[in-house]
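Following: one structure in structure tokens, then a few remarks.
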2 protein chains.
Amino acid sequence: MSESLGQFEQIILTAILSLRDEAYGVTIHEKAVQLATPRKISPGAVYITLDRLEDKGLISSWLSDPTPERGGRSKRFYRLEALGERALEESAATARRVWETVAEIWGDVAEGVRRRPKWSPARPR
Amino acid sequence: MSESLGQFEQIILTAILSLRDEAYGVTIHEKAVQLATPRKISPGAVYITLDRLEDKGLISSWLSDPTPERGGRSKRFYRLEALGERALEESAATARRVWETVAEIWGDVAEGVRRRPKWSPARPR
DNA sequence: CCATTTGCCATACATTGTTGGTGAAATCAT
DNA sequence: ATGATTTCACCAACAATGTATGGCAAATGG
């Protein structure tokens with residue numbers, strides 16, 4: 001019954017984890033944008049994904065009191081549940097394997113160092 | 001126009017890349033299983049995903065001649081196209097950010113070293 | 001020539017991801 | 001106090017992706 005997260009779900013869980021106790025819609029969206037650049041992410045996509053993750057028991061949420069800032073209405077905070085931690089752990093391990101496999105061949109892509117291989121795949125017609 | 005790969009598509013592209021000129025259905029499936037453990041992956045899932053990736057122009061394929069092994073019928077080989085390389089590059093960079101973010105908090109998950117944080121998120125009711 | 005092996009592919013369905021919004025609650029300026 | 005602005009939550013409808021299951025074809029060995 002392991003959960004096998006989708007790409008977006010993985011990003012959302014990672015955002016929640018890294019935001020610790022400051023994880024609510026807006027901050028989660030911002031963090032997700034950072035993680036996924038240059039992909040575009042809409043706020044709505046974040047909220048519906050949060051709903052589904054909560055339905056599955058991977059995260060839980062509660063409403064805060066409003067804060068005394070301009071426009072500061074009450075926020076819905078999120079945290080990982082045990083199930084979500086396990087799913088993310090597994091999923092992050094896969095992300096690592098993917099990243100390492102790619103890096104072995106192309107070099108450190110995130111640093112823009114993309115080395116090109118010397119071989120060229122045979123491609124008969 | 002950026003392609004924003006799904007999780008599975010990312011795995012398949014990574015498998016093709018790492019298999020260089022030995023990338024066909026069966027080997028791609030095997031590699032995908034390694035990358036995604038402990039997730040289960042069916043061969044059928046691999047083939048349909050290959051079809052869709054080819055439709056989108058991320059990969060291309062051609063049929064080989066049969067090999068002289070028992071049951072060795074002709075294979076459909078795959079290679080990354082330029083579009084697929086760019087999509088994978090971008091997607092791998094995201095995978096890296098996810099993994100690093102998680103690793104910063106939990107430690108090296110893939111090595112099973114999972115350190116626990118000292119704080120515990122406040123969770124009002 | 002038939003059982004076995006290797007491999008490709010289709011159908012049908014379930015789950016995820018995206019777009020493009022709506023509208024509430026709070027503060028600020030006038 | 002009323003209208004503009006900001007912060008934030010959420011929804012509906014759809015598009016894209018992922019999974020399960022199983023069939024079929026081509027080659028070889030006996």
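To find a chain, count down the sequence lines: A is the first, B the second, and so on, and within it residues start at 1.
- Atom CD in Glu30(A) sits roughly 12 Å away from atom C1' in dC8(D) (whole-Å rounding).
- Checking dG7(C), dT16(C), dA9(D) against every side-chain atom of Glu9(A), the shortest atom distance belongs to dT16(C).
- Between Ile59(B) and Glu81(B), every side-chain heavy-atom pair lies at or beyond the 4.5 Å cut-off.
- Residue Phe8(A) is classed as a sugar-phosphate contact, given heavy-atom separations below 4.0 Å to backbone atoms only.
- The side chain of Tyr47(A) contributes no N or O atom lying less than 4.0 Å from OP1 or OP2 of dC11(D).
- We find the CZ-CD distance between Arg39(B) and Gln7(B) to be 6.0 Å, quoted to the nearest 0.5 Å.
- For Lys56(A) and dT15(C), the shortest distance from a side-chain N or O to OP1 or OP2 is not below 4.0 Å.
- The nearest whole Å value for the distance from the CG atom in Asp51(B) to the C1' atom in dT17(D) is 14 Å.
- Look at NZ on Lys75(B): it is 13 Å from P on dA27(D), rounded to the nearest Å.
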Going through the distances and angles, do Glu54(A) and Arg52(A) end up as a salt bridge (Lys or Arg N to Asp or Glu O under 4.0 Å)?
-> CA-CA 5 Å; Glu54(A) 190 163 19; Arg52(A) 297 204 268 234; over 6 Å; no
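- As a whole-Å value, the separation of Gln7(B) CD from dT15(C) C1' is 13 Å.
- Toward the 5′ end of DNA chain C lies the nearest nucleotide of Pro43(B), the other residue of the pair Pro43(B) and Ile41(A) mapping further downstream.
- Among the protein residues, Ile48(B) comes within range of the nucleic acid bases, having at least one heavy atom under 4.0 Å from a base atom.
- Atom P of nucleotide dT7(D) and atom NE2 of His29(A) are separated by 14 Å, given to the nearest angstrom.
- Side-chain contact between Thr101(B) and Leu17(A) is absent, with no heavy atoms from C-beta onward closer than 4.5 Å.
- The 5' end of DNA chain D is approached more closely, in terms of each residue's nearest nucleotide, by Ser74(A) than by the other of Lys40(B) and Ser74(A).
- The CG-C1' distance, from Asp65(A) to dT27(C), rounds to 17 Å in whole Å.
- Nearest-nucleotide positions on DNA chain C for Phe77(B) and Thr49(A) put Phe77(B) closer to the 5' end.
- Following rounding to the nearest Å, Leu5(B) (CG) and dG17(C) (P) show an atom-to-atom distance of 13 Å.
- Heavy atoms of Gly44(B) sit under 4.0 angstrom from at least one base atom.
- Side chain Arg52(B) to base dG18(D): a donor-acceptor pair is found below 3.5 Å.
- Protein atom CD1 of Ile12(B) is 9 Å distant from nucleotide atom P of dG18(D), rounded to whole Å.
- For Arg76(A) against dA9(D), a side-chain-to-base donor-acceptor contact under 3.5 Å is absent.
- In this structure, Gln10(B) contributes its side chain and Ser91(B) its backbone to a donor-acceptor pair below 3.5 Å.
- Going from atom CD1 of Ile12(B) over to atom CD1 of Ile48(B) covers 12.0 Å, rounded to the nearest 0.5 Å.
- For Arg73(B), the listed nucleotide lying nearest its side chain is dA26(D); candidates were dC10(D), dA26(D), dT19(D).
- Of the side-chain N and O atoms in Arg39(A), none sit less than 4.0 angstrom from OP1 or OP2 of dG17(C).
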